[in-house]
Amino acid sequence: DVKVTQSSRYLVKRTGEKVFLECVQDMDHENMFWYRQDPGLGLRLIYFSYDVKMKEKGDIPEGYSVSREKKERFSLILESASTNQTSMYLCASSWADPSTDTQYFGPGTRLTVL
Amino acid sequence: GQQLNQSPQSMFIQEGEDVSMNCTSSSIFNTWLWYKQDPGEGPVLLIALYKAGELTSNGRLTAQFGITRKDSFLNISASIPSDVGIYFCAGQLWGAQKLVFGQGTRLTINP
């Protein structure tokens, strides 16, 4: 079974802190994604990566950056956390082959910024 | 960013009832996916649809890829308490690596 793990289930940070959210997948997937989930808005794509050291902006990249130094690991960075970044953050991974492009999700990190 | 229109946003039903939800878009999608998210967990894939008109079942779940490629529906028959959660549709545009998600349907079941 595909396994996507996220470093923390719950995180509480203060405004202005630098925050790192880590995601690791064990299926050698090329693609990795970071979403945020807010009530009534569904899942919105922040950034995605289709290869090591490659990244592309999603729909809401402002205030975030990402890092992919190894194929299995994709990090989301909040350079200076703000209260409007309080949310559930979901990581996902998938194969690059469009015919088998199902995304597999981690359990999520619920981030609260005070 | 582009989003799918998913409805209804929430449903409150009695155990044993059938459930129906759908997603529509102004764009043509190459793939439709349906995910379920249990409370406190990440979404899990339920059904994947790859051809227009395709009707696929997974136990009590049935989903269809609309013939126009712009919509999809998910039906759940004879609901049970463990069906509670948020259901998301997702579509993939041709040649795109990323998915577009609906807003979700929150399902609540009264025993």
Side-chain angles (χ1 to χ4, degrees), chain A residues 1-6 8-10 21 23-25 27 29-51 54-62 87-110, chain B residues 1-11 21-25 27 29-51 54 56 58 63 65 72 85-108:
Chain A
D1 280 352
V2 174
K3 193 163 187 183
V4 180
T5 57
Q6 295 183 228
S8 304
R9 295 297 298 268
Y10 299 93
L21 303 182
C23 175
V24 177
Q25 51 94 5
M27 279 301 292
H29 284 165
E30 292 86 0
N31 297 340
M32 296 189 75
F33 306 83
W34 274 106
Y35 296 88
R36 65 176 281 175
Q37 180 181 9
D38 300 289
L41 297 179
L43 275 64
R44 293 181 292 167
L45 183 64
I46 304 171
Y47 268 97
F48 68 102
S49 167
Y50 50 87
D51 202 352
M54 305 299 287
K55 62 184 179 183
E56 284 200 23
K57 293 180 179 179
D59 299 319
I60 52 165
E62 295 79 19
S87 187
M88 168 72 97
Y89 290 87
L90 291 164
C91 174
S93 68
S94 73
W95 298 111
D97 180 356
S99 67
T100 57
D101 50 15
T102 304
Q103 290 186 17
Y104 297 87
F105 285 85
T109 296
R110 187 165 292 282
Chain B
Q2 188 172 34
Q3 265 201 320
L4 300 175
N5 295 314
Q6 185 172 349
S7 65
Q9 289 196 21
S10 60
M11 301 183 75
M21 59 191 79
N22 68 84
C23 274
T24 60
S25 173
S27 300
F29 284 95
N30 192 51
T31 301
W32 282 94
L33 305 169
W34 284 93
Y35 285 85
K36 183 197 176 196
Q37 183 180 30
D38 289 328
E41 301 294 330
V44 173
L45 182 69
L46 296 174
I47 292 179
L49 303 158
Y50 298 105
K51 295 181 183 178
E54 180 181 355
T56 298
N58 178 5
F65 191 142
S72 178
I86 303 175
Y87 292 79
F88 291 100
C89 62
Q92 186 183 42
L93 297 168
W94 182 263
Q97 295 279 6
K98 56 183 183 177
L99 298 176
V100 179
F101 281 86
Q103 300 96 327
T105 296
R106 182 180 294 273
L107 180 62
T108 303

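Keep in mind the model is a prediction, meaning the values are calculated, not measured. Labels below follow one simple rule: chain letters A, B, ... track the order of the sequence lines, proteins then strands, and each chain is numbered from 1.
Of the inter-residue distances, the one linking Tyr35(A) atom OH with Phe101(B) atom CZ reads 4.0 Å to the nearest 0.5 angstrom. Atoms CZ and CD, on Arg44(A) and Gln103(B) in that order, are 11.5 Å from each other to the nearest 0.5 Å.
Distance alone, capped at 3.5 Å, is enough to place a donor-acceptor pair between the Arg9(A) side chain and the Gly40(B) backbone.
Across every non-hydrogen atom of Pro43(B) and Leu90(A), the tightest pair is CD-CD1, 3.8 Å. Gln37(A) and Phe88(B) get closest at one heavy-atom pair: NE2-CZ, 3.3 Å.
Residues forming a salt bridge (Lys or Arg N to Asp or Glu O under 4.0 Å) with Lys98(B) (at least two apart in sequence, or on another chain): none. Taking the ring-ring contact (aromatic ring centres under 6.0 Å, His included) definition, one finds that Tyr87(B) meets it with nothing, sequence neighbours left out.
Using a 4.5 Å cut-off between heavy atoms, Tyr50(A) does not touch chain B at all. Using a 4.5 Å cut-off between heavy atoms, Leu43(A) touches chain B through backbone and side chain atoms alike. For a residue to count as touching a neighbouring chain, one of its non-hydrogen atoms must lie under 4.5 Å from one of that chain's; by this rule Gln37(B) touches chain A with the side chain only.
The neighbour count for Glu56(A) CD, taken as heavy atoms of other residues, nucleotides or ligands under 6.0 Å away, is above 12.
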